Amino acid sequence: MLEQIKTIRHAPDEEYYVSGHRTCAGCGPALVYRLVAKAAGPNTIFLGPTGCMYVANTSYGCGPFAVPWLHTQITNAGGVASGVEAAYKAMMRKGKYTGERPHVIVMAGDGGATDIGLQALSGMLYRGHDVLFICYDNESYANTGIQTSPTTPWGAVTTFTPSGPAIPEGKRLWPKDNAQLVAHGHPELKYLATASLAFPLDLMNKVRKGLNAEGPAYLHIQAPCPKGWQFDSDKTIDMAKLAVDTGMFQLYEYENGKYTITYTPRKRKPVEEYIKLQGRFSHLKPEHIEKIQQFVDAKLKAIEVEVTAVSEAAPTD
Amino acid sequence: MGKKRLITGVVATAEAVRLADVDVISSFPIRPYTGIMSELARMIADGELDAEFVHAEGEHAQLSVVYGASAAGARTFTGSSGVGVTYAMEVYSPISGERLPVQMAIADRTLDPPGDFGSEHTDAEVCRDQGWIQGWAATPQEALDLTLLYYRIGEDPRVLLPQYACQDGYFVSHIAGEVDVPDEAQVKEFLPPYKNKHQLNIYEPQIIGAQIEPDMGPPLQYQRALAMRNAKEVIKEAYDDYNRIFGRNYSPFVEEYMTEDADVVIFLQGAHSQTAIDVARRLRNHGEKVGVVRLRTFRPFPTEEVRDALSKFKVIGVVDNSANFGIAGGGGVLLTEARTALYGEGDKVKTVGFVAGLGGEAITRDEFYRMFAKLKDIAKTGKVEQNAYWVPFEL
C-alpha cells in the first residue's frame with residue numbers, strides 16, 4: 001500500500017521522471033508526469049501511447065524514465081496495459097516470476113484516452129484489469145501541431161477549427177466529459193478522480209489511491225499547454241489554478257458509487273478571467289464568452305457545486 | 001508417447017497451445033477460428049490449462065493484449081479470421097518491430113464483401129510483409145505441429161519474431177483428421193521456456209519502443225530483415241528436432257510429391273494441396289508425368305529452395321487461393337513470388353497462374369484435371385497465351 005502524503009513537504013525526494021527530454025518550456029503534461037512518477041515510485045511500469053509524452057520524451061537514447069516504459073499505439077494503451085497486467089498475474093500464479101507485482105500505469109493524452117483510444121480504455125475497465133489509466137489532458141492533439149480533440153473547449157481555435165468570417169467562434173462542439181463517460185458504465189471500476197497540476201499534493205494522493213485500488217482506476221488530469229493554448233510558458237500553473245477557480249475544470253473523486261468534491265473555490269471567478277489570458281480564445285466575442293459561462297454554470301449545478309461566479313471587481317460580502 | 005485422436009484443426013491447435021503452456025490468451029469471436037478459443041476456454045474451465053484468458057473487445061485489442069503480455073515476459077496466443085485479421089493490421093508491425101514472439105493462429109477466410117464465411121488465403125496473405133514468420137498447415141496434424149514449431153522458431157534468440165500459424169478455414173479447421181497429440185515430456189524436450197532479455201521488468205528498467213530520428217529507423221528495420229534471414233537456419237534446426245522427437249517426416253520449406261521425371265507440376269500451399277496430390281496420383285496411374293510441389297514456409301519465402309525445386313520442370317502451374325486485384329501477372333502472390341524465385345532460369349521454365357477456390361469453394365478434382373491439361377498444352381506448344389486464369393470463369 002502506498003500511504004497518503006500528508007503535506008507537500010512529505011512528498012518523496014526521489015524522481016522517476018528525470019531530465020533528458022525535450023518537451024516545450026512550461027509543458028503541463030511533463031510536469032504531470034513528474035508528479036505521477038514521484039507518487040507511484042520505483043515499482044512501476046509505464047505505458048506510453050503515441051502523443052506528446054511519447055514523441056517529446058523518448059527521443060532515442062535520452063528517455064527520462066527511471067522505471068520500465070513501453071510504447072503503445074495511440075489506439076491501444078488500454079489493451080496493452082491489459083496484457084501486461086494479465087501477464088504478471090499468470091506468471092506469478094505459475095511461479096514464472098517471483099518478484100514484487102508491479103503497478104501498471106498508462107499515461108495517455110486526450111486523444112489516446114477520450115477519442116481514438118477510448119475503446120481500448122473501456123475494454124480494460126470493463127474487464128477489471130488492475131491498471132491505473134491516466135489521461136493528461138492538454139485539450140488538443142498537440143504533438144501534431146494543435147488539432148481539435150474531444151476535450152478541446154467550445155470556442156477554442158485549433159488548426160482544424162480556425163475562426164473565420166463563416167465560423168467566427170472556432171470550435172462549435174462542447175467538450176466530451178470522459179470522466180463522466182467512463183464512471184457509470186464500468187462496474188469493475190474501483191476508483192476515479194479528476195486532478196489538476198495546480199494541486200500537486202491532491203494529484204499525487206489521487207495517484208496513490210488509484211494504485212492502491214484493487215482493480216482498474218481512471219484519473220483525468222488537466223495539463224495546460226502553453227503552445228496550444230497560447231499563453232506564456234511561465235503561466236502553466238496559474239492557468240491550471242484558474243481553470244479550477246472558474247469552474248472550467250472541476251476536482252472530484254468517485255468511489256463506491258459516491259462523488260466527493262475535493263476542492264471548491266471559495267469565490268468562483270467568471271470564466272472570462274481564464275479565457276482572456278489564452279490566445280486560443282482571443283477571437284471570442286462577449287456573447288461567445290457568455291455561452292461558455294452558461295455551460296460551466298449548468299455543469300457545476302449538475303455536480304452540485306453551488307458557488308456563484310463572482311468577478312474580482314465585484315463586492316464579495 | 002503421444003495419443004491418437006480424431007480431431008479438427010481448431011481442436012488440434014488448442015491442444016498445441018495447452019502443450020506449449022501458454023500464459024496469456026486473447027480472444028474475440030469470428031468464424032471459423034473461434035473454435036480454437038472455445039476449446040481453450042473449456043480447457044481453462046476444466047483445469048487442464050493455467051492461463052489468463054482475456055476477452056478482447058476486437059481483434060485490434062487482441063493483438064494489443066498479446067503485445068503487452070509478451071513484452072512483460074509471458075508466452076502468448078491469439079488468433080483470428082477474415083476481416084478480423086485485417087482489423088488488427090496496425091499492431092502487427094509494432095509486435096515484430098519490438099521483436100515480440102507472439103503467436104497468432106489464422107484459420108483463413110475471405111475478406112468482405114459479401115460476408116462470405118469461406119476459406120481463402122487472402123486475409124493472411126495481406127499481412128505477409130509485416131515481419132512475421134508464416135506458413136500453412138494442410139491437415140489437423142500439421143496445425144498442431146505448426147503451433148509448436150512456430151513457438152520454438154519465433155522465440156529463438158536469433159529470430160525473436162512473431163508468427164502467423166495459418167490453416168485453411170473449414171478444410172482444416174473444421175474437418176476432423178487423425179492427430180497424434182504428443183505428451184508433455186516430448187514437448188518439454190523440444191520447446192524451452194520463453195525468455196526475452198528485453199522485458200518490462202522493474203528490476204532492470206528499460207525503455208522499449210522509444211521514438212527515434214529518421215536515420216535511426218533503417219538500422220532497426222535492417223535488423224528485422226536479418227532476423228527473417230536468420231530464421232531459415234533456425235527453421236531447419238527446429239524441423240530436424242521436431243522430426244526426431246515426434247517421429248514426423250517434414251521438409252521445412254518445400255515438399256515434392258511425385259516429381260521425379262515430371263514434366264509439369266502444380267505449385268501451391270495449404271489444404272488444396274491434398275486434392276492436387278490426389279489428382280496427380282490418378283494421372284500418374286495413366287502414365288502422365290505430373291507432380292505437385294507444396295510450399296510449407298511462406299515467410300521467410302524460401303527463394304533458393306523454391307528455385308531449386310521448380311527449375312527442374314518444363315511448366316509450372318501456380319495456384320493462388322487469394323484475390324489480388326490488379327497484381328502483376330494477373331494471378332496471385334504465389335505466382336509473382338515463384339516467378340521471382342525463377343528469375344535467371346530463362347525461358348526454359350514456363351509458369352502460369354490459376355486463381356482458384358475463392359470464397360471457400362473446394363478446388364475440385366475436375367478443376368485440377370483442367371489445370372494439368374493446360375500445363376500439358378503449354379509443354380507441347382511452348383506458348384503461354386495468358387499469364388493467369390481465374391478458375392472456373394476462364395478455365
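When reading the values below, keep in mind they use all heavy atoms of this one structure, side chains included, and skip hydrogens, waters and symmetry mates. Just so it is clear, the model here is predicted, and its values are computed rather than measured. Residue numbering restarts at 1 for every chain, and letters A, B, ... go by the order of the sequence lines.
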N/O donor-acceptor pair under 3.5 Å between B:D123 side chain and B:R109 backbone: yes
Plane angle bin for A:F65 and A:Y33 - parallel if under 30°, tilted between 30 and 60°, otherwise perpendicular: tilted
Neighbours of chain B found in residues 92-99 of chain A - heavy atoms under 4.5 Å: A:R93, A:K94, A:K96, A:Y97, A:G99
Student check: side-chain heavy atoms of [X] and [Y] closer than 4.5 Å:
X      : Y      : value
B:L49  : B:I25  : yes
A:D110 : A:C135 : yes
A:Y136 : A:V36  : no

Given that the side chain runs from C-beta out, which part of [X] has a heavy atom under 4.5 Å from chain B: side chain, backbone, both or neither?
X     : answer
A:E85 : neither
A:V67 : backbone
A:A56 : neither

Nearest-0.5 Å distance that lies between atom CD1 in B:I133 and atom CG in B:L149: 11.5 Å
B:R31 atom CZ, over 12 foreign heavy atoms within 6.0 Å: no
Flag if over 12 foreign heavy atoms under 6.0 Å of OH, A:Y126: no
Most chain A-contacting option - heavy-atom pairs closer than 4.5 Å, from B:D50, B:N201, B:V24: B:D50
Atom group of [X] that falls short of 4.5 Å from chain A, counting heavy atoms:
X      : value
B:Y203 : side chain
B:V22  : backbone
B:V65  : both

Choice from A:G78, A:A86, A:A120 maximising heavy atom contacts with chain B below 4.5 Å: A:A86
Greatest number of heavy atom pairs closer than 4.5 Å to chain B - which of A:T75, A:I45, A:T72: A:T75
How about [X] and [Y]: are their ring centres within less than 6.0 Å of each other?
X      : Y      : answer
A:Y218 : A:H186 : no
B:Y151 : B:F77  : no
A:Y54  : A:H71  : yes

Inter-chain contacts: residues 92-100 of chain B against chain A, heavy atoms under 4.5 Å: B:P94
B:E57 and A:S122 side chains, donor-acceptor separation under 3.5 Å: no
Modelled atom types, side-chain donor and acceptor of B:E125 and B:T122, under 3.5 Å: no
